[in-house]
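Computed from a predicted structure; not experimentally measured.
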Amino acid sequence: MKAVINILLGLCVCALVYICYASIMGPIEFEQEQKFREKKVIARLMDIRKAQQEYRMRNEGKYTASFDTLIEFVKTQKIPFIMKEGVLTDKQLEDGLNERKAMAIVNKARKTGNWAEAKAAGLENFKRDTMWVAIMDTIFPKGFDADSLRYVPFGNGAQFEMATKNSTTKSGAPIYLLEVKTPYDVYLNGLDQQEVANMKDLQIKLNKYPGLMVGSLETPNNNAGNWE
């Protein structure tokens, strides 16, 4: 009987040790995994923001609420890249030259074949040529998978919520807003639900979005992330 009691006491001690360990290490391990996952989600949100910024530059300032449209844009569109050769000296700038005037002189020389004016201005080696390069080769790293833009890392196939809003200021100027977000529940799935619930409760009390987000449909914020 005494041996049985000793065994039970030993088991109780082990259980208490485990409970104490879990109570200390549980929150620490949760925070480590939370930060790891958030780093991946933030990186994806920043990729979406970069793609949207390029998209709006070629669509009269408007964003798209469609991932199909955005991904197709990233895969197929090209953006201008200016190849520069030569710089204006202080003397040339003091004489009233600027990039626009210099290129006008150079383009005139190219068109007419008469380089006298260009040489007199010291522009015979001044070049500005525009090349069109694929977006995939410029703003994203080699091997980037454009199809991944829509998916939330660790979200088990869940997609980001993306919306746009077109409005005007009091003066009548157009305002184009973008919002891309995903809640804690999506990318923190499988982790301690009480810890997730605590995070959500804190954000709601602070009147903040319980998750990660770039942009806002309520207030223009230059598409800032809520972690920035």
Side-chain angles (χ1 to χ4, degrees), residues 34-82 99-100 130 132-141 144-155 157-189 196-228:
Q34 172 208 340
K35 289 182 177 179
F36 173 75
R37 294 190 182 191
E38 287 190 342
K39 184 178 180 180
K40 300 294 185 181
V41 176
I42 287 172
R44 186 67 50 81
L45 284 168
M46 292 175 69
D47 283 339
I48 295 171
R49 180 168 63 186
K50 284 192 296 185
Q52 286 279 13
Q53 288 170 340
E54 293 295 336
Y55 180 89
R56 76 186 297 256
M57 289 176 64
R58 283 147 193 83
N59 290 275
E60 301 178 342
K62 298 177 182 178
Y63 300 103
T64 177
S66 167
F67 271 112
D68 288 338
T69 300
L70 186 64
I71 291 170
E72 182 67 14
F73 172 81
V74 170
K75 286 181 174 180
T76 63
Q77 292 300 305
K78 296 182 178 181
I79 59 177
F81 179 78
I82 299 177
E99 291 271 329
R100 182 180 60 80
T130 300
W132 290 85
V133 294
I135 287 179
M136 288 283 287
D137 296 333
T138 53
I139 66 173
F140 295 109
F144 177 76
D145 180 12
D147 290 316
S148 69
L149 282 173
R150 70 172 80 234
Y151 298 111
V152 181
F154 309 101
Q159 298 187 25
F160 287 98
E161 301 171 41
M162 185 165 70
T164 61
K165 180 180 178 181
N166 302 335
S167 185
T168 57
T169 63
K170 293 181 179 179
S171 64
I175 299 177
Y176 303 113
L177 301 175
L178 169 70
E179 183 177 279
V180 190
K181 61 186 180 181
T182 187
Y184 294 138
D185 287 331
V186 170
Y187 67 87
L188 296 180
N189 70 85
V196 176
N198 292 341
M199 291 176 59
K200 290 166 57 179
D201 184 58
L202 176 60
Q203 292 299 92
I204 291 172
K205 286 180 179 178
L206 295 173
N207 198 30
K208 296 181 179 180
Y209 177 68
L212 288 170
M213 175 173 69
V214 293
S216 171
L217 296 185
E218 303 301 324
T219 307
N221 66 357
N222 200 31
N223 296 327
N226 63 349
W227 65 88
E228 295 176 313

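Other residues, nucleotides and ligands contribute at most 12 non-hydrogen atoms within 6.0 Å of the CD atom of Glu60.
Counting all heavy atoms, side chain and backbone alike, Tyr176 lies closest to Gly61 at CD1-O, 3.1 Å. Contact detail for Val74 and Ile135: the closest heavy-atom pair is O-CB, 4.0 Å. When every heavy atom of Thr69 is checked against every heavy atom of Thr64, the shortest pair comes out as CB-OG1, 3.6 Å. Closest non-hydrogen pair, Phe140 versus Ala51, comes out as CZ-CB, 4.1 Å. When every heavy atom of Ala146 is checked against every heavy atom of Ile71, the shortest pair comes out as O-CG1, 3.5 Å. In terms of heavy atoms, Ser216 sits closest to Glu179 at CA-OE1, 3.5 Å.
Summarising the geometry, atom CZ belonging to Phe160 is positioned 12.0 Å from atom OH belonging to Tyr151; distances are rounded to the nearest 0.5 Å. Atom CG of Leu212 and atom NZ of Lys39 lie 14.5 Å apart (nearest 0.5 Å). With values rounded to the nearest 0.5 angstrom, Leu45 atom CG is found 8.5 Å from Asn226 atom CG. Considering OG1 of Thr182 and CZ of Arg44, their distance stands at 11.0 Å, rounded to 0.5 Å. Annotation: the span from Thr164 atom OG1 to Arg56 atom CZ amounts to 11.5 Å, rounded to 0.5 Å. To the nearest 0.5 Å, atoms NZ (Lys50) and CD (Glu54) are separated by 9.5 Å.
Residues Gln52 and Met162 are in side-chain contact: their nearest non-hydrogen atoms beyond the backbone lie under 4.5 Å apart. You'll find the side chain of Phe73 reaches within 4.5 Å of the side chain of Arg58, heavy atoms only. In this structure, Pro220 and Leu177 have side chains that are in contact, with non-hydrogen atoms separated by less than 4.5 Å. For the pair Phe144 and Ile139, the minimum side-chain heavy-atom distance is 4.5 Å or more. For the pair Glu161 and Pro183, the minimum side-chain heavy-atom distance is below 4.5 Å.
Counting only distance, with no hydrogens or angles, the side chain of Asn189 and the backbone of Phe154 share a donor-acceptor pair below 3.5 Å. Side-chain N or O atoms of Asp145 include one that pairs as donor or acceptor with a backbone N or O of Asp147 at under 3.5 Å. A donor-acceptor pair is defined here as one N or O able to donate and one able to accept, closer than 3.5 Å; no such pair exists between the side chain of Lys200 and the backbone of Tyr184.
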In sequence, state the C-alpha distance, the side-chain angles, and the governing distance for Lys181 and Tyr209, and then conclude on side-chain contact (heavy atoms from CB on, under 4.5 Å). CA-CA 9 Å; Lys181 61 186 180 181; Tyr209 177 68; 3.6 Å; yes
Take Leu202 and Asn198 through the side-chain contact (heavy atoms from CB on, under 4.5 Å) test and state the conclusion after the steps. CA-CA 6 Å; Leu202 176 60; Asn198 292 341; over 6 Å; no
Which is it for Leu188 and Met199 under the side-chain contact (heavy atoms from CB on, under 4.5 Å) test, yes or no, and what are the steps along the way? CA-CA 11 Å; Leu188 296 180; Met199 291 176 59; 4.0 Å; yes
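With sequence neighbours excluded, the residues forming a salt bridge (charged side-chain N to carboxylate O under 4.0 Å, His left out) with Asp68 are Arg150, listed by chain and number.
Looking at Asn166 and Tyr63, their side chains never bring a donor and an acceptor atom within 3.5 Å of each other.
At least one test fails for Arg37 against the ring of Tyr187: distance under 6.0 Å to the centre or angle within 45° of the axis.
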